[in-house]
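Data block below; observations after.
Owing to the predicted nature of the structure, the values given are computational and were not obtained by experimental measurement.
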Amino acid sequence: MKNSKLNKNIKISLLAVIAFLLMFIEVSIPIFPEFLKIDISDLPALIGTFAFGPIAGVIIEFMKNVLHGLFASTTAFIGEFANFLVGSMMVITAGLIYNRKKDKKCAVIALIAGTLVMSLGAAIVNLLVLLPMYEKVLGFPISSVIGMSSKVNPKVINLGTLIIWAIIPFNLIKGAIVCVMTRLVYKSVSPILHKEQIKIANEDFEKNINNSIGNK
């Protein structure tokens, strides 16, 4: 049992490190302002969620952001804090739905629901937490963010339109990309994640049976 738990923790840690490394691969999309860049660092968290449950996904989100905050943060942990909150909303939603019935249909529903919740959560986090913290802590006014966004999309004229025309669509696209990749990758990765764990569980089971027989 201890070996199985250790094996699981090692795999979760490896997924977190992979997620941390993926945070450095960012892609800009011309229809969004420069500060909004897509990365696929939520991919390992979703894979961990489907394999080990939503708590594992949250741990991966937490670990990757702590590592990024320690080694590469340019936002005094504000960006990492927001990334953790938004990513956790996605993996918790997807994980809870997928755990009810682990089949292809439920996986698709879970990923779609996770993307929608993440996008709504990102809007709330940016409106109430992230943008005000950028302004107070880093001295980066919200008006500057709106100005940068309006140059790319003239429909952005205030904070409300920034959320509607930039933050929400960006996260919907990001979520869709990550979810499609999760759907494609998880099938091939899942046996690797579960193989050793099943082997250890069987060994522990056989050991317990043998001990029971020996005691008799």
Side-chain angles (χ1 to χ4, degrees), residues 9-52 54-95 111 114-115 117-119 121-123 125-126 129-131 133-135 137-140 144-145 148-149 151-152 162 166-186 188-190 192-193:
N9 290 339
I10 290 172
K11 289 172 180 176
I12 290 173
S13 298
L14 287 174
L15 287 170
V17 172
I18 293 171
F20 162 62
L21 296 175
L22 288 175
M23 292 182 80
F24 292 94
I25 304 173
E26 299 178 319
V27 178
S28 299
I29 298 180
I31 60 174
F32 296 114
E34 182 66 22
F35 62 86
L36 291 177
K37 296 181 180 180
I38 287 181
D39 68 70
I40 57 170
S41 64
D42 290 319
L43 174 61
L46 279 172
I47 291 174
T49 296
F50 278 13
F52 306 118
I55 294 177
V58 173
I59 292 172
I60 293 169
E61 290 284 352
F62 178 77
M63 290 178 67
K64 75 162 186 179
N65 280 292
V66 169
L67 288 171
H68 193 271
L70 291 173
F71 296 106
S73 181
T74 58
T75 61
F77 269 97
I78 297 173
E80 287 77 18
F81 176 65
N83 187 287
F84 168 70
L85 289 179
V86 173
S88 294
M89 292 177 193
M90 185 182 200
V91 299
I92 289 173
T93 302
L111 291 170
T115 298
V117 170
M118 180 188 73
S119 301
V125 168
N126 273 275
V129 181
L130 183 59
L131 293 175
M133 285 182 72
Y134 270 127
E135 190 168 57
V137 177
L138 300 179
F140 193 73
S144 297
V145 177
M148 292 170 63
S149 303
K151 291 179 181 178
V152 179
L162 171 68
I167 303 300
I168 292 177
F170 170 80
N171 282 281
L172 286 172
I173 293 174
K174 176 184 176 180
I177 292 171
V178 173
C179 287
V180 169
M181 294 185 69
T182 302
R183 184 71 182 84
L184 295 173
V185 171
Y186 182 69
S188 58
V189 173
S190 179
I192 300 173
L193 293 174

With a 4.5 Å cut-off on side-chain heavy atoms, are [Y] and [X] touching?
X: M63; Y: L15; answer: no
X: E61; Y: N83; answer: yes
X: P44; Y: F20; answer: no
X: D42; Y: K64; answer: yes
X: L131; Y: N126; answer: yes
X: T115; Y: M90; answer: yes
X: T75; Y: V137; answer: no
X: F52; Y: I47; answer: no

How many angstroms lie between [atom1] in [X] and [atom2] in [Y], if you round to the nearest 0.5 Å?
X: L22; Y: H68; atom1: CG; atom2: NE2; value: 11.0 Å
X: F140; Y: M133; atom1: CZ; atom2: CE; value: 15.5 Å
X: S41; Y: L21; atom1: OG; atom2: CG; value: 10.5 Å
X: F62; Y: L85; atom1: CZ; atom2: CG; value: 11.5 Å
X: S73; Y: L67; atom1: OG; atom2: CG; value: 12.5 Å
X: L162; Y: M148; atom1: CG; atom2: CE; value: 10.5 Å

Closest heavy-atom contact between [X] and [Y]?
X: I59; Y: I12; result: CG2-CG2, 4.0 Å
X: A76; Y: L138; result: CB-CD2, 4.2 Å
X: A19; Y: I60; result: CB-CG2, 4.2 Å
X: I168; Y: A123; result: CG1-CB, 3.8 Å
X: V125; Y: A82; result: CG1-CB, 4.0 Å
X: P33; Y: S149; result: CG-OG, 3.4 Å

Take F32 and I173 through the test side-chain contact (heavy atoms from CB on, under 4.5 Å) and record every step on the way to the result.
CA-CA 11 Å; F32 296 114; I173 293 174; 3.7 Å; yes
Step by step, would you call L130 with F81 a side-chain contact (heavy atoms from CB on, under 4.5 Å)?
CA-CA 9 Å; L130 183 59; F81 176 65; over 6 Å; no
For the pair S119 (side chain) and L172 (backbone), establish whether a donor and an acceptor sit closer than 3.5 Å, ignoring hydrogens and angles.
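Yes, S119 side chain to L172 backbone: donor-acceptor pair under 3.5 Å.
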Under 3.5 Å, side chain of S88 to main-chain N/O of F84, donor-acceptor pair present?
yes
Is it true that atom CD1 of I55 has more than 12 heavy atoms of other residues, nucleotides or ligands lying nearer than 6.0 Å?
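Count not over threshold, so no.
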CA sep, side-chain torsions, deciding dist, call: T182, L43, side-chain contact (heavy atoms from CB on, under 4.5 Å):
CA-CA 6 Å; T182 302; L43 174 61; 3.2 Å; yes
May I have the step-by-step check of side-chain contact (heavy atoms from CB on, under 4.5 Å) for V58 and I92, ending in yes or no?
CA-CA 7 Å; V58 173; I92 289 173; 3.5 Å; yes
